[in-house]
*Asks:* 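Shown below is the structure under consideration.
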Amino acid sequence: MTEPTLEKTLWHPVALSHVIGTQPHAANLLGQALVLWRDGDGNAHAWADQCPHRGARLSLGRVHAGQLECPYHGWRFEAGGACTLVPAVPDFKPGPRCAATTFATREAYGMLWVRLAEPVDDALPIHDLPGFAAEAEPRLRKTTSGPYLVQASAPRIIENFLDMSHFGFVHEDWLGSRDRAEIPPYEVKPTPHGVLATGCLAWQPRSSIHAESGAQVEYTYEVTAPYTAVLTKQPEAGSTAIDGLWESIAMFVCPVTEETSVAWTRMAMNDFESPDARLIDFQNTIFGQDQPVLESQQPKRLPLAPDAEAHSAADRMSAAYRRYLKTSGIHFGVIR
Ligand code: FES
Ligand code: CO
């Protein structure tokens, strides 16, 4: 047996919790097809989407009496993966060879997280569930946008989320202005879980759905896992446009393959008035502006060599993110 790749030993988001019910749901993670389903106790499961009998997709089956039933010959599997019934031979006692392939799961941030392989050293910070501190703040309201299916690698999507210098062009009249595109110097430092950038300033014509006029906005950006980034908006003192509005947004990316991904944003906002649809619409608009550019980038995987692409001082965070991936042993989206 070959050693699992580091990426397979990390927690990855695969679906919003609420879409996983008694109807089996198909997903893909690192080239592995998954069936997601929920048992009678409400526990979510992620299994290989392949029946151990003749390889049919279990996601085409159904959940019956808290067990997953294969669509082909009706073999039934209990929550732990063991086969409990072979309908064609009811007296047969199925052994371990007949069990489904199961993976570890956790539910957090309104999502199901899956780990395909056990890490050799579980104590490393990289094996923790990706952090999103604002989730625990009860004074902030939580909403999720996505899934966004993107023909781009996970690290390219995270880099885009960390990048302020595209605001005036990709998000002109929304998050930035081409006439005020300058990004002043900001601080970047490594953390136990990734990288933190502070004092990130940008002029924004419409930094949120509440902004009625332009404002200089300060952000912190944090990478908390290889494919998770969090931005936190600091309200500027005296700014009426965003006065009292504090928000933190996480970008969670599932590496479906080396060059395709599914992304979600998790919003934690000091805003209990706006309907979910309005917050989600805003995110959809912003991500819809990013997507064609993301899908146009070549190469799709982040290049390995530090001098493979040109950099400016505004890319300090992007450079720190690449260094973090490299020192963590993440092979830039290459699944091995
Ligand atoms: Fe699943 Fe036969 S292939 S029961
Ligand atoms: Co963007």
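Basis for what follows: all heavy atoms, side chains included, without hydrogens, waters or symmetry-related copies. All ligand and atom numbering here is 1-based and tracks the order in the structure. Just so it is clear, the model here is predicted, and its values are computed rather than measured.
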*Asks:* Under a 4.0 angstrom heavy-atom cut-off, which atoms of ligand 1 come close to C51?
*Replies:* 1 (Fe), 3 (S), 4 (S)

*Asks:* Identify, by atom number and element, the atoms of ligand 1 in contact range of W75, meaning under 4.0 Å from any of its heavy atoms.
*Replies:* 4 (S)

*Asks:* With respect to atom 2 (Fe) of ligand 1, please indicate if H53 possesses an N, O or S atom at a distance under 2.8 Å.
*Replies:* yes

*Asks:* May I ask which of R76, R54, E69 has a heavy atom nearer to atom 3 (S) of ligand 1 than the others do?
*Replies:* R54

*Asks:* Answer yes if the ring centres of W264 and Y109 are under 6.0 angstrom apart, and no otherwise.
*Replies:* no

*Asks:* Should the pair R156-E295 be classified as a salt bridge under the 4.0 Å nitrogen-to-oxygen rule?
*Replies:* no

*Asks:* Under a 3.5 Å threshold, yes or no: a donor from one side chain and an acceptor from the other, between S318 and R316?
*Replies:* no

*Asks:* May I ask you to check whether R266 and T144 show a side-chain donor-acceptor distance below 3.5 Å?
*Replies:* yes

*Asks:* Taking 2.8 Å as the cut-off, does an N/O/S atom of D290 lie below it from the Co ion (ligand 2)?
*Replies:* yes

*Asks:* Can you tell me if C70 has an N, O or S atom under 2.8 Å away from atom 2 (Fe) of ligand 1?
*Replies:* no

*Asks:* Salt bridge (Lys or Arg N to Asp or Glu O under 4.0 Å) between D276 and R141: does it pass, once the steps are laid out?
*Replies:* CA-CA 10 Å; D276 278 352; R141 168 263 193 92; 2.7 Å; yes

*Asks:* Can you tell me if an N/O/S atom from H73 lies under 2.8 Å from atom 1 (Fe) of ligand 1?
*Replies:* no

*Asks:* Compare every heavy atom of I157 with every heavy atom of L294, then report the nearest pair and how far apart it is.
*Replies:* CD2-CA, 3.9 Å

*Asks:* For the Co ion (ligand 2), which N, O or S atom of H166 is at the shortest distance?
*Replies:* NE2

